[in-house]
Structure formats: structure tokens, C-alpha cells
Amino acid sequence: MNKKVLVVGGGAAGMMAAISAAERGASVTLLEPGDRLGKKLNITGKGRCNVTNDSGCEELLANVPRNGKFLYSVFSRFDGRDAMAFFQELGVPLKVERGRRVFPVSDRSFDVSGALERRLKKLNVSILRRRAESLLLEDGTVRGVETERGPLNADAVILATGGISYPATGSTGDGHRFAEQAGHKVTPLRGSLVPLREVGNLCADLQGLSLRNVELSVFENNKKIHTDFGELLFTHFGVSGPLVLSASAHMRHFGEKAYRLEIDLKPALDEGQLDKRLLSDFEKYANSDFCNALSDLLPQKLIPVMVECCGISPHRKVHDVTREERQGLLRLLKHFPIAVDAPRPVEEAIVTAGGVTVREIDPSTMESKTVKGLYFAGELIDVDAYTGGFNLQIAWATGRAAGFAAADTKE
């Protein structure tokens, strides 16, 4: 007799769990109160969907700073290349870009969610547009869920409700509440891959300015812990953009440790080359005011801030700038500092850090160690990764493991 499996949550992990359980012969119902499946999936990678990373198990684990060892079993059975094969078999051609990031050739996230929906339909997964309100528990076993329209019974329940980031996509935190109802501990929730708040008003003066092809370094208590190259954006509160979101995942101890950022505005030039460039520009603008001598080197919006930071009077003639002052400007161009004191609220984060503690979940099956028949998948669990397709890979791998195990008829 086929097992009745109920999956709560129609995001990446939930759809993968439902597909996997149905492939193993279970009778599967997917519960999703939203009007669309994969709502958050559709906005990942700026709408392009960074499906996974073209990596094996060990490389994937190296990009999961929080509880990575817990994922060894699921990654060893379903790694980035397995995920690529899965989606290509579903008719989604893929391409590999910088950092082994994998995207659909079409650059359309809807092609990924659409392929998953077609697979659900082909496997006769029942999709109910209802909200789960609580778990139905009896003698240490899950028996189904209570919904807004009454109870739904099941032999197994997979919670795949996501975290609490991007609440507009339906991430309400319900899954954490259900886990606590079942006696599970939920570790504190915070944002990861999140914009950062500046100390002071320097960034506010630069609001709207986007810098491309710069190098960003992160310092924790004056020790460099991360460096990356790419694009960032100044905002009214601080900094955002791809470089900053990636950097934030390395900044995990706000309140305990001090953090600062440094931007190398000219990473293609070493200090000697940049000094030659400055000398050339200073010669060209020798009789101009200093504030007018940087237009060939920097975006217009950045010049007044740079002039103020380097301490050279804006109306000094360039030929009067001393060597020491020029060296100070050079250091600023290579090490432009931004003091940050906190991430933005978790609602603005791409992923949620924290969640159902991994000590209470079987790492091979994703089943609760305390409630029989209850499984977890995706962002709900206390694991999170760096950018590059790794967080979606967690969703695929944990969803697949939970779906297969929930459908298993062995006692």
C-alpha cells in the first residue's frame, strides 16, 4: 500500500521533496497557500536562478560555513552535478559561469520552476492551496496537519516552509513554529546574504552609486577574513549588491566582534602602477583645483567624498599637493574603509541563518529524531551557505533525501 506523504511548502525544497516521494511510489499532497509555487525560486539570481554549483560533495561542504558536516550524507548522494543532470533531464538546458555558478541557458528562473511543476503534474502530485496551522501528533508520531479547512491525515509529513527572509514570497516562519510544537529546538534566526548597515553617513552621501570591478575585503577584529571581486552598491543605510551579500555570510559574530570593509577601487593596478597613474593625472591637472583633478580616475559622485576623506583642501592647486598627501590618497584608493555595525533585518536577507537544530535531525534521511514520520528540508534547517548556488543545492539535496525517506515503506 502506497504511503501518504504530505509536503508543507511549495518552494524549491518542497517541490523536490514532493517529486522525490512520488518517484518512489508515494501518494503525495503538496500544501502551498500562495498563488504560485516556487515564488522565491523565481527571484533568485536576479530572476535568472542560480540553480546549483558545478561541484562535488567536498567542494559543496567547503561553502557551507554553518553545520556543513551535517550535509555530508545528502551531498554525497546528490551533489551539484547530480542536480545539473536532474534539471537537464527535465528539459532545462544549463550553462556554467564564473565561480562554477550554474544557470539555465535561457537566463529565466521560470524555466526552472516550470519544469518542476510539470514534473509534479506528471507524477500526479496533488497541490492544495491551503495553509497549515499545526501538526497532528499522537504518541510521538506525526499523523498529518491541521489546516484552515480541517485536518489532512498522512503517514509522513515533510516540513519545507523556508526561513523568514523575503516574507512577501510566503516565508512566514510557520515551519519553525511547527518544529517547536513537535519539541524541536530552533536556533536564533538572522539574515545571511544580507545588506550591511554603516557606522556614520559616508554611504548615505554616495547613495545610488554602483561600483563595478572593485575588490572588497572583510576584516574581523582587524584580521582579513574574506576578499572578493565584483559589484557593490551604496545605499542610504550602508552597502548592498552582490559583493556585499557574499561578504555578509562571513560576518557571523556581530555584537561580539568588530567588522569593517575595505574597497580596492583600482584592483587592476598595484600601488606602484597606481602612483604612476596619479602622477600622470596630477601633471595633466597641475594648475587645477584638487577637487577637479580626479574626474579621470573616479565616478563623479565619489570625488567629493574622496576629497573629504583624504584631507586635502578641495581648492588647493594640484601642483601644491605634497608627495605624502599623494601617498595618502593612493592608500585611500586601495583601501577605502567602511565601518559596519550590523546586518539589515532578516526580512531583507536572501537566506535565513539559524533554524531547526541539526542535532535533532537524522542527517541521512532528514527525519526528526524525536517524532516518527516528521521530516525537514531546505532553509528551515540550521544550515546556510555562501552565494554561488550552494543554498539552492541544500534545498535540492535535503528535499530529495526527505522525499525518498518519507516514501520508504520499510518499518
Side-chain angles (χ1 to χ4, degrees), residues 12 40-55 59-60 62-66 80 94-104 107-109 112 163 165-166 169 190-198 203 206-219 224-252 254 259-268 299 301-302 336-338 340 342-353 379 384-395:
K40 188 175 176 184
L41 179 66
N42 288 332
I43 62 173
T44 60
K46 296 182 179 177
R48 297 175 61 216
C49 189
N50 185 181
V51 182
T52 185
N53 194 279
D54 181 14
S55 296
E59 294 160 305
L60 294 174
N63 284 278
V64 184
R66 178 76 173 170
L94 301 173
K95 59 182 176 180
V96 181
E97 297 187 359
R98 184 178 66 84
R100 297 189 188 177
R101 290 166 165 83
V102 179
F103 294 89
D107 285 330
R108 281 175 41 88
S109 59
V112 177
S165 56
Y166 282 156
T169 63
R190 61 176 184 80
S192 185
L193 309 183
V194 64
L196 298 171
R197 190 178 74 189
E198 180 211 9
C203 293
L206 296 170
Q207 180 179 349
L209 175 63
S210 177
L211 296 179
R212 297 186 177 188
N213 303 319
V214 296
E215 187 175 273
L216 182 72
S217 296
V218 177
F219 290 81
K224 187 188 288 189
I225 60 169
H226 172 71
T227 300
D228 200 4
F229 178 86
E231 180 181 351
L232 63 80
L233 173 71
F234 292 100
T235 72
H236 66 285
F237 58 75
V239 279
S240 186
L243 267 184
V244 173
L245 299 181
S246 295
S248 73
H250 297 261
M251 304 163 78
R252 309 182 82 83
F254 278 107
Y259 291 98
R260 77 174 195 278
L261 308 176
E262 282 188 2
I263 305 171
D264 183 345
L265 295 161
K266 298 293 172 184
K301 198 165 192 174
L302 184 54
F336 188 73
I338 298 173
V340 290
R344 291 288 286 176
V346 64
E347 292 79 12
E348 296 179 29
I350 292 178
V351 298
T352 304
E379 200 177 341
D384 64 279
Y386 301 138
T387 56
F390 301 106
N391 286 291
L392 269 180
Q393 180 57 34
I394 292 172

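The basis for the numbers below is simple: all heavy atoms, side chains too, and nothing from hydrogens, waters or symmetry mates. Note that the structure is predicted; figures quoted are calculated from it, not measured.
Remark: side-chain polar atoms of Glu198 are paired, donor with acceptor, to backbone N or O of Cys203 under 3.5 angstrom. Remark: side-chain polar atoms of Glu379 are paired, donor with acceptor, to backbone N or O of Thr352 under 3.5 angstrom. Not one N or O on the side chain of Asp264 forms a donor-acceptor pair closer than 3.5 Å with the backbone of Glu215. Between the side chain of Thr44 and the backbone N or O of Leu41, at least one donor-acceptor pair lies under 3.5 Å. Side chain of Arg252 to backbone of Ala249: a donor-acceptor contact under 3.5 angstrom is found. Checking side-chain atoms of Ser217 against main-chain N and O of Thr227 turns up no donor-acceptor pair under 3.5 Å. The backbone N or O of Glu231 lies less than 3.5 Å from no partner atom in the side chain of Asn213, so there is not a single donor-acceptor pair. Side chain of Asp384 to backbone of Gly191: no donor-acceptor contact under 3.5 angstrom is found. No donor-acceptor distance shorter than 3.5 angstrom exists from the side chain of Lys301 to the backbone of Ser210, with no hydrogens or angles considered. Between the side chain of Asn391 and the backbone N or O of Thr387 there is no donor-acceptor pair closer than 3.5 Å.
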For Glu97 and Arg48: C-alpha separation, side-chain torsions, deciding distance, then whether side chain to side chain contact (heavy atoms under 4.5 Å, CB included) applies. CA-CA 12 Å; Glu97 297 187 359; Arg48 297 175 61 216; 2.6 Å; yes
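In terms of heavy atoms, Pro343 sits closest to Phe254 at CD-CD1, 3.4 Å. Nearest heavy atom pair, residue Ala385 against residue Pro65, reads CA-CD, 3.9 Å. The two residues Phe390 and Glu59 come nearest to each other via the heavy atoms CE2-O, 4.5 Å.
With Phe237 as the aromatic partner, Arg197 does not meet the cation-pi criteria of under 6.0 angstrom to the ring centre and within 45 degrees of the ring axis.
The aromatic rings of Phe234 and Phe336 sit perpendicular to each other, their planes meeting at more than 60°, with 30° as the lower class boundary.
Side chains of Gln393 and Thr52: a donor-acceptor N/O pair is present below 3.5 angstrom, by distance only.
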